[in-house]
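Reviewing the structure listed below.
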Amino acid sequence: MERKLIDRKDAEIALTWDLSSLYDSVESMKSDVDRILGNSRKLEADFQGKLEDSNTINSCLDGLREILPVMGRTGAYSHLKFMADTTDNSSLELKSMVSDALSKARSMLSFIDTEILDADEETIKKAIVESPENRHYLKELLRYKPHILGKEAEKVISSLGTVLEAPYNIYNRAKLADMDFGTFTAGGKEHLLGFVLFENGYEFDTDTETRRAAFRKFSDKLSEYQNTVASVYQTKLSTEKALSEIRGFSSVTESLLFSQKVPIEMYDRQIDLIYEKLAPHMRRFAGLLKKIHKLDEMRYEDLKLAVDPEFEPGISAAEAKGHLIQGLSVLGSEYTGMIERAFDERWIDFVQNRGKSTGAFCSSPYGAHPYILISWTERMREVFVLAHELGHAGHFQLSHSRQNVFDSRPSLYFIEAPSTMNEMLMANHLVKSSTDARFRRWVYSTMISRTYYHNFVTHLLEARYQREVYKIIENGGSVTASKLNSIFKEVLMGFWGDSVKMTSGSELTWMRQPHYFMGLYPYTYSAGLTIATEVAKRVEGGDSSAIEDWKRTLESGGTLDPIELAGLAGVDITSDIPLENTIDRIGFLIGEIERLTEEIETDNLN
């Protein structure tokens, strides 16, 4: 199949998102930016130096609650326009302008936290009692008190927002706008290559020569940028270290986990237990892929192969809608109504175009509906990706409708549970819909190769690598491209052992994800999927209260910490049991794939 990328201007409108529900024009958005700055100045003028009693504190926070949703909408609008086409300089300029303006607003508003904390604790406790809307914000402020700096220092840090975001933005610019992968030759043909084309296409190509040639060319281009990206990453790490030290944390890791409300023991256990106990199952799966595809050797670039690539149904974006509504109907009419709207009102950007952000994500600004970015490839597996992103959308639709802007976002530790839960529900629905061995094998193998591989392997290995990097930084060291390559290769080899050959270029995988520029994010995927697997097991087992418990959990937003949220959903994440159950589930699915493969092969012989 010929793969190509179009320019954004040539995209079919129906397959792009409609940002007009945020703003009908750039000028409208700029008007809101002016309003943000004006309201921030007014709040500063009205309350700075006056936050001495509970009534004034709550009046100030009431004003802040009105500004934050507008800040979220302007930030989302400029970000989404840029992510749709990073080669569009006008979108880059808009994003930079908004980022600068929001930094100025945050700088003006930075007095709020420091002045509230200057008040005596009894005054703050009185403010908590008097305002349910501000209660959670104030309690969090008290928790952060040991790490809040003086007024002037906080003002300076807030004003540096654009600078602090620079590493992430530079990385994306290099990856999506500057890296030109050109073409490569395989099978006597010339093939166009790009980040999206590789990760959404060539990685899964069943032609061994094409797949491996694409990986070689892709890796060669990454290699050309490795020193630049490593320098940008080192800048991010140095910034995190400096901020953690001036805020009084013992380490970068402690500072990043503090915001997640997760003890370091849970973080370490998540990484170590999976790395040790999941590896044997995944090595077995790699061996199965090697056997099915009759490979001379199992290489790193062969790991994304499908168990049965000829069977996977093709599906249009429109056809996916019906599957998603059926598969997620167990969540109720409000939820499926959200899915209907997502398609009908163009919340989703399906098209593949030059400069578009890779992967998939969901943006959920408070007070507006969510937006989903995905590069649709007409493969049935994309239904799982879309179910995942709709999980984020549904979560924040419920949370935003029940909680105010202060209370709507949960800990990052929990953020991937609703998304992966949807993948579980889709799989359960599809398995129950057919007794055909080949179809069931496709569902199980998709769960392993997409849902569990992506969240429990890809991001787990990223987390293991990331932890090693932070150890170096926390011990006063720094990182270079060669050091990062060495760490990532060692992590890969420790997990895959002799079952997979680490081809030259596999060590550059650290360059492919933006997650390292987003704090301790990678490990949270396995955390979320662990919670989702346990809740899905309750649903599959016929527990009548499971779905209602889950919806209450989603509606709770950020009013509970991760342990409390998981507990509300019926999962005790303080023990090893959920993790071990999830790893056992992966082993069971691989066993089912092996059993069904034998059954299918026997039937074919007869």
Side-chain angles (χ1 to χ4, degrees), residues 5-30 32 69-95 98 172 176-177 195-196 199-200 315-325 328 335-379 382-397 400 418-419 422 514:
L5 287 174
I6 62 171
D7 290 331
R8 183 72 179 181
K9 63 181 176 58
D10 298 324
E12 183 182 345
I13 295 297
L15 296 178
T16 63
W17 49 30
D18 177 10
L19 299 183
S20 65
S21 67
L22 285 172
Y23 295 102
D24 57 14
S25 68
V26 170
E27 291 307 312
S28 295
M29 189 221 67
K30 289 180 177 178
D32 254 0
V70 190
M71 293 175 72
R73 284 199 299 276
T74 57
Y77 182 80
S78 61
H79 176 73
L80 293 172
K81 281 183 73 67
F82 182 62
M83 288 293 100
D85 184 3
T86 59
T87 65
D88 181 358
N89 286 328
S90 64
S91 292
L92 175 61
E93 291 168 4
L94 184 70
K95 187 175 187 297
V98 171
N172 270 327
L176 301 174
F195 229 110
V196 171
E199 293 196 333
N200 285 19
I315 184 170
S316 68
E319 290 169 334
K321 178 180 175 182
H323 286 280
L324 289 161
I325 289 173
L328 301 176
Y335 203 96
T336 54
M338 181 272 298
I339 297 172
E340 292 266 11
R341 289 184 61 205
F343 279 85
D344 296 347
E345 298 174 13
R346 291 173 49 210
W347 299 5
I348 308 167
D349 199 86
F350 293 98
V351 71
Q352 295 190 60
N353 60 263
R354 289 183 184 85
K356 183 174 177 176
S357 177
T358 59
F361 67 75
C362 177
S363 175
S364 301
Y366 190 89
H369 69 65
Y371 283 93
I372 292 169
L373 179 142
I374 186 172
S375 293
W376 196 257
T377 60
E378 306 289 326
R379 291 186 175 94
E382 298 290 357
V383 174
F384 284 91
V385 182
L386 194 46
H388 179 105
E389 300 307 333
L390 284 166
H392 289 305
H395 180 197
F396 286 108
Q397 281 286 95
H400 290 176
S419 53
N422 274 14

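Model, not experiment: these values are computed from the prediction. The residues of the chain are indexed from 1 along the displayed sequence. Quick note: numbers below take in every heavy atom, side chains included, and nothing from hydrogens, waters or symmetry partners.
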- Task: Would you mind reporting whether Glu340 and Glu345 have side-chain heavy atoms less than 4.5 Å apart?
- Result: no
- Task: Check the angle between the aromatic planes of Phe343 and Phe350 and answer parallel, tilted or perpendicular using the 30° and 60° thresholds.
- Result: tilted
- Task: Taking all heavy atoms of Ala320 and all of Val383, pick out the closest pair and write down the distance.
- Result: CB-CG2, 4.1 Å
- Task: Drop me the distance from Leu390's CG to Thr336's OG1, to the nearest 0.5 angstrom.
- Result: 11.5 Å
- Message: If you apply the rule side-chain contact (heavy atoms from CB on, under 4.5 Å), what do you find for His388 with Asn422, and how did you get there?
- Response: CA-CA 6 Å; His388 179 105; Asn422 274 14; over 6 Å; no
- Query: Do any N or O atoms from the side chain of Ser419 and from the backbone of Glu389 form a donor-acceptor pair under 3.5 angstrom?
  - Reply: no
- Compare every heavy atom of Leu176 with every heavy atom of Ser357, then report the nearest pair and how far apart it is. CA-CD1, 3.7 Å
- Under a 4.5 Å cut-off applied to non-hydrogen side-chain atoms, are Asn200 and Arg379 in contact? no
- Item | Side-chain donor/acceptor of Thr74 to backbone N/O of Met71, under 3.5 Å | yes
- Note on the structure: Shortest non-hydrogen pair, Ala360 vs Val385, comes out as CB-CG1, 3.9 Å
- Message: Between Lys356 (side chain only) and Ile374 (backbone N and O only), is there a donor and an acceptor less than 3.5 Å apart?
- Response: yes
- Starting at CG of Leu19, measure out to CG of Asp24 and round the result to the nearest 0.5 Å. 11.5 Å
- Item | Gln397 side, atom CD; Tyr335 side, atom OH - distance, nearest 0.5 Å | 10.0 Å
- Item | Pairwise distance OG(Ser90) to NZ(Lys95) - rounded to 0.5 angstrom | 14.0 Å
- Query: Where do Ile372 and His392 land on the side-chain contact (heavy atoms from CB on, under 4.5 Å) test, with the steps shown first?
  - Reply: CA-CA 9 Å; Ile372 292 169; His392 289 305; over 6 Å; no
- Message: Assess, by modelled atom type and distance only, whether the side chains of Ser21 and His369 contain a donor and an acceptor separated by less than 3.5 Å.
- Response: yes
- With no hydrogens and no angle check, is any side-chain donor or acceptor of Asp7 less than 3.5 Å from a backbone partner on Lys9? no
- Task: Hey, can you tell me if Trp17 and Tyr371 have their rings parallel, tilted or perpendicular (30° and 60° cut-offs)?
- Result: perpendicular
- Item | Asn172 side chain reached by Thr86 side chain, heavy atoms, under 4.5 Å | no
- Message: As an exercise, state the distance from CD1 of Ile348 to CG of Leu373, rounded to the nearest 0.5 Å.
- Response: 11.0 Å
- Message: As an exercise, state the distance from OH of Tyr77 to OG of Ser363, rounded to the nearest 0.5 Å.
- Response: 13.5 Å
- Message: For Lys81, I'd like to know if atom NZ has over 12 heavy atoms of other residues, nucleotides or ligands within 6.0 Å.
- Response: no
- Is Arg346 close to Ile13 at the side-chain level, that is, under 4.5 Å between some pair of heavy atoms? yes
- Item | Single hit among Asp349, Asp88, Asp85 for salt bridge (Lys or Arg N to Asp or Glu O under 4.0 Å) with Arg8 | Asp349
- Within the distance-only criterion (no hydrogens, no angle test), does the side chain of Gln352 pair as donor or acceptor with the backbone N or O of Ser375 below 3.5 angstrom? no
- Message: Can you confirm whether Leu80 sits close enough to Leu22 that some side-chain heavy atom of one is under 4.5 Å from a side-chain heavy atom of the other?
- Response: yes
- Where Ser364 and Ala393 come nearest, the two heavy atoms and their spacing: OG-CA, 4.5 Å
- Message: Please find the pair of heavy atoms, one from Ala84 and one from Asn353, that lie closest to each other, and give the distance.
- Response: O-ND2, 2.9 Å
- Message: Within the 4.5 Å heavy-atom criterion, are Glu382 and Ile315 side-chain neighbours or not?
- Response: no
